[in-house]
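Inspection log for the structure reproduced underneath, given as structure tokens.
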Amino acid sequence: MFTQLSLALNNFIDNDLGHAADQTSLLRKKHKLHLADSLDKGHWTTNLCLVASGIAKVNPRELAVKLAVVLEAIDGVDRVEIAGPGFVNIFLTQDAFLQQAEHTINLAPEINSSLQEKIQIEFVSANPTGPLHVGHGRGAAYGDAIARILSSLGHQVEKEYYVNDAGRQVDILGCSIFLRKFSCTDDESFPASGYQGSYVLEIADSIKLDENAQHIQKEELCKNLPDDPEAEIDELIARIQSNYSDLWPIIRAGGLAYVTQSIKNDLTEFKVEFDQWFFESSLGELSNEMSDISKALHQVKQNHAYEKDGAVWLESTKFGDDKDRVIIREDGRGTYLSADLAYHKNKLDRGFDTIINVWGSDHHGYIKRIEATIEAMGYNKNQMQVQLVQFANLFEDGAKVKMSTRSGNFYTLKQLIDDIGPDAARFYYLSKQADQHLDFDIGIARTHSKDNLYYYVQYAHARICSVQNKYLALGGSLPKVFNSIDGFHACDPLIQLALNFPFVVKSAGENLQPHLIIYYLRDLAQGFHHFYNETNILKAEEQDQANMLRALDLVKNVIASSMELIGIEPLQEM
RNA sequence: GCGCCUGUAGCUCAGUUGGAUAGAGCAACGGUUUUCUAAACCGUGGGUCAGGAGUUCGAAUCUCUUCAGGCGCGCCA
């Protein structure tokens, strides 16, 4: 029905208005046809006449009269009303209305293959230096949800985790493990910039070494260290690297493997699976001229870089950045940006139409820089889209849960999952726009009470399952199709709500806003609970009952499909 | 100082490519169960959409400005 009505509106714009071409195309773009939010405004409603009056100075209500004549001639349209300043409200015949429901219940998405894209989403990408915490969980839930939504819209989606395994942070981890492994320091004198979490001890224990490796000159290693914490840790790393060149790679690689695996395990428990784990180290070394990172830097250096103060600078200001950026340091090492530059080149060269980077919002200052980098390499910056995810504040019984990464004392994602389950966690993570602060009360998420919106939604699904089972137990079989009965409208509001499903998914996908699904689920659950309380389905007249069961099947499917899009499993019973 | 984001009911937030009387959950108060799961439903109260100005048929939404809060501004990652 939507397609037919939409076509009719466009025909009306093209043929009946006599507008100039530019006005016509503007009007085509600006007018809306959408499901009415309440049935007294019809089933469908359009603002076409209002928009047209703004563009071409015509009287909207006069125009509406003309449009009404056109629309009323369409098969399935019962009548048309002109309301307010010039809205056109379209009322369908009950037959046509229910026909739409049959269409939606089968949930066959209409995919326009010409609009299909190859999309890559990179998310989480936490440094492999410790367990994922609750902040990472939000990025994981978000990235996975938009991946699911975009695939359901027909796009080809690839999920990728970028592992920063080449930088200083992993050296610090290796150093921390080394110090613990050989008990080089006590807790008191453990470097302040090292990783102090207890997981470091677990990793140290897990790494098995030959017996002859135990001769560590502990005092030698730890004496005369600089006072500055950063210099201290760097000095320690340098000493270990040069004095224990046999042990160092084993410890470092062992730690990296351990942490990476534990991150994978946590994500699996959270039901987030990546298609691709991309290791920064695979970009190669700057010292190797044939490495990807060297080639990428070389490409940029030819036209858009210069030397100053012994370093190589990218002329990023030419591409909209606030200042130029160092890509090769005075000492010849690359910066973080140089690796990211090569990584983005790699991604774009893989042939994606769009790459989406999901970043913590504290990286927003980095966006211009990376956009400039992409343009400097000769790509279109619009191929990349950055989605920022704000950190989540955890509350328990109204009090903020303290998190301190430095001391290694923090609430991990795994703890959260163990506490409230992956589904409730995902639900709450997605319950607000990603780029805004989220206050997440674990106390509420944990309770199985009416405060808990997650269970409110699940309960709707479970209740429908329950009614269906009761009905089947009585010997009935679920109807496969609506019967058109005059005068039966008890389910109309519920059906109208369910018909919104494809539009909600489309909007959630286009705007990369999975929270729209959460709010839709809430509305749907509310509509159902309302209906359920005022209607006794099992005692209804036979024909009415069949339609009610059909409508509930529709709602159940839509709830289940919506949940699937955010990675939540619908409960059959509670 | 510069840049980005935010300010909507007591609380947590939807609604922001301009649309019909500004919504939901929680909290408060009052009701609903011999009947399919009361983890539910119904009702009541609660708002100068931070303040001001502008744009137009029409603004929470767009523009300007003031105030308040958050974040970012490294040869860190």
Side-chain angles (χ1 to χ4, degrees), chain A residues 29-30 32 36-38 41 45 47 50-51 53-54 57 59-61 83-87 89 127 129 164 166-170 172 230 280 308-313 322-323 325-340 360-369 388 390-391 395 398 431-433 435-441 444 447-460 462-471 473-474 510-511 513 515-516 518-520 522-523 525-526 528-540 548 552 571 573-574:
Chain A
K29 217 162 53 185
K30 286 193 76 175
K32 287 181 195 163
D37 51 18
S38 107
K41 294 177 187 165
T45 182
N47 65 350
L50 286 164
V51 178
S53 86
K57 301 291 169 212
N59 182 319
R61 290 192 68 105
F87 291 101
N89 296 337
N127 277 339
T129 52
N164 291 105
R168 175 168 170 265
Q169 294 305 318
V170 178
I172 296 176
E230 298 302 316
E280 182 187 350
K308 193 183 93 184
D309 305 331
V312 177
W313 297 70
D322 303 325
K323 51 179 95 166
R325 308 288 172 177
V326 171
I327 45 176
I328 299 175
R329 284 183 263 234
E330 211 175 339
D331 63 9
R333 285 154 51 231
T335 58
Y336 179 81
L337 183 63
S338 67
D340 226 21
S361 63
D362 52 333
H363 286 68
H364 74 74
Y366 197 70
I367 297 176
K368 267 190 188 172
R369 198 175 313 179
L388 298 177
Q390 277 280 8
F391 290 120
F395 286 82
S431 65
K432 194 176 170 186
Q433 269 190 50
D435 59 355
Q436 290 178 32
H437 284 285
L438 173 72
D439 289 336
F440 186 147
D441 194 317
I444 288 176
T447 56
H448 291 200
S449 78
K450 63 178 179 175
D451 316 355
N452 194 332
L453 190 61
Y454 168 68
Y455 285 102
Y456 178 79
V457 171
Q458 286 286 16
Y459 187 42
R463 263 183 153 177
I464 296 175
C465 292
S466 169
V467 173
Q468 289 183 334
N469 290 335
K470 285 254 160 57
Y471 179 76
L474 292 169
E510 281 171 356
N511 300 308
Q513 294 187 329
H515 76 282
L516 296 176
I518 299 279
Y519 284 91
Y520 178 60
R522 187 203 61 200
D523 291 344
Q526 190 171 47
F528 163 74
H529 287 308
H530 170 82
F531 170 77
Y532 183 89
N533 267 277
E534 73 176 15
T535 318
N536 190 316
I537 298 141
L538 294 183
K539 288 187 177 169
M548 289 173 181
L552 291 195
L571 298 176
E573 57 182 349
M574 285 172 63

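Here is the naming used below: chain letters follow the sequence lines, and residue numbers restart at 1 for every chain.
- Panel note: side chain A/Arg61, backbone A/Gly84; a donor-acceptor pair is recorded below 3.5 Å.
- Rounded to whole Å, the separation between the P atoms of B/A24 and B/C36 comes to 28 Å.
- OP1 or OP2 of B/G15 sits under 4.0 Å from a side-chain N or O of A/His515.
- Rounded to whole Å, the C1' atom of B/U65 lies 25 Å from the corresponding atom of B/A22.
- No side-chain donor-acceptor contact under 3.5 Å links A/Thr45 to the backbone of A/Ala36.
- With a cut-off of 3.5 Å on both Watson-Crick or G-U wobble distances, the partner of B/C64 is given as B/G52.
- A distance of about 25 Å separates the P atoms of B/C67 and B/U12, rounded to the whole Å.
- Minimum atom distance to the side chain of A/Gln433 is reached by B/U16, of the listed B/A40, B/G74, B/U16.
- Where A/Asp331 and A/Phe531 meet RNA chain B, the nucleotide closest to each residue was compared, and A/Phe531 sits on the side nearer the 5' end.
- Across all strands shown, B/C26 forms a Watson-Crick or G-U wobble pair with B/G10, both key distances being under 3.5 Å.
- Rounding to whole angstrom units, CZ of residue A/Arg463 and P of B/U35 are separated by 14 Å.
- A donor-acceptor contact under 3.5 Å is not formed by the side chain of A/His529 with the base of B/C41.
- Atom CE in A/Met574 sits roughly 12 Å away from atom P in B/A38 (whole-Å rounding).
- Only the C1' atoms considered, B/A14 is 13 Å distant from B/A9, to the nearest whole Å.
- Under the Watson-Crick or G-U wobble criterion, with both distances below 3.5 Å, B/A40 is paired with B/U32.
- Around the CD atom of A/Gln436, the shell of radius 6.0 Å holds more than 12 heavy atoms that belong to other residues, nucleotides or ligands.
- When every heavy atom of A/Ala462 is checked against every heavy atom of A/Glu573, the shortest pair comes out as CB-CA, 3.8 Å.
- In this structure, A/Leu453 CG and A/Gln526 CD are separated by 9.5 Å, a value rounded to the nearest 0.5 Å.
- The CG atom of A/Asp523 lies 12.0 Å from the CD1 atom of A/Ile518; values are rounded to the nearest 0.5 Å.
- The A/Gln436 side chain lies nearest to B/A14 when the options are B/A14, B/A38, B/G3.
- Comparing B/C76, B/A39, B/C13 by their closest approach to the side chain of A/Lys432 singles out B/C13.
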Between protein and nucleotides 42-46 of chain B, what N or O pairs are separated by less than 3.5 Å?
unit_1: B/C42; atom_1: OP1; unit_2: A/His530; atom_2: ND1; d: 2.8

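- Summarising the geometry, the separation between CG on A/Leu453 and P on B/A39 is reported as 16 Å, rounded to the nearest angstrom.
- Using a distance-only test at 3.5 Å, with no hydrogens or angles considered, a donor-acceptor pair links the side chain of A/Lys432 to the main chain of A/His437.
- In this entry B/G3 has B/C71 as its Watson-Crick or G-U wobble partner, both defining distances falling under 3.5 Å.
- Summarising the geometry, the separation between CD on A/Gln390 and P on B/G72 is reported as 9 Å, rounded to the nearest angstrom.
- Put simply, CZ on A/Phe528 is 13 Å from P on B/A39, counting in whole angstrom units.
- A sub-4.0 Å separation between OP1 or OP2 of B/C41 and a side-chain N or O of A/Tyr456 is present.
- A/His515 and A/Tyr519 have perpendicular rings, their planes meeting at more than 60° on a 0 to 90° scale where under 30° would count as parallel.
- For B/G74, one of the phosphate oxygens OP1 or OP2 lies less than 4.0 angstrom from a side-chain nitrogen or oxygen of A/Lys323.
- For A/Lys368 and A/Gln513, each mapped to the nucleotide of RNA chain B holding its nearest heavy atom, the one lying further toward the 5' end belongs to A/Lys368.
- Of the C1' atoms belonging to B/A77 and B/A59, the separation is 43 Å, rounded to the nearest Å.
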Under 3.5 Å, N/O pairs linking protein and nucleotides 17-23 of chain B:
unit_1: B/A20; atom_1: N6; unit_2: A/Thr45; atom_2: OG1; d: 2.8
unit_1: B/A20; atom_1: N6; unit_2: A/Asn89; atom_2: OD1; d: 3.0
unit_1: B/A20; atom_1: N1; unit_2: A/Asn89; atom_2: OD1; d: 3.4
unit_1: B/A20; atom_1: N1; unit_2: A/Asn89; atom_2: ND2; d: 3.2

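- The separation between A/Asn533 atom CG and B/A40 atom P is 10 Å, rounded to whole Å.
- When Watson-Crick and G-U wobble pairs are counted only if both distances are under 3.5 Å, B/U16 pairs with no nucleotide at all.
- Of the candidate nucleotides B/A14, B/C76, B/C71, B/C76 has the atom lying nearest to any side-chain atom of A/Arg168.
- For B/G43 and B/A20, the C1' atoms lie 25 Å apart once the distance is rounded to whole Å.
- Between the side chain of A/Asn47 and the main chain of A/Lys32, a donor-acceptor pair closer than 3.5 Å is present.
- Of all nucleotides present, none satisfies the Watson-Crick or G-U wobble test against B/U21 with each distance under 3.5 Å.
- Here the separation of B/G18 from B/G58, taken at their P atoms, is 16 Å to the nearest Å.
- If you take atom P in B/U61 and the same atom in B/G52, they sit 12 Å apart, rounded to whole Å.
- A donor N or O paired with an acceptor N or O is not found under 3.5 Å between the base of B/G72 and the side-chain atoms of A/His363.
- Residue A/Val467 has its side chain nearest to B/C36 when only B/C36, B/C41, B/A14 are considered.
- Of all nucleotides listed (B/C75, B/A38, B/A14), B/C75 comes nearest to the side chain of A/Glu330.
- Of the nucleotides present, none pairs with B/G58 by Watson-Crick or G-U wobble criteria with both distances under 3.5 Å.
- A straight line from CG of A/Leu438 to P of B/C71 spans 16 Å, rounded to a whole angstrom.
- Considering only the side chain of A/Asp362, B/C71 comes nearest among B/A14, B/A38, B/C71.
- Checking the phosphate oxygens (OP1, OP2) of B/G74, no side-chain nitrogen or oxygen of A/Arg329 falls inside 4.0 Å.
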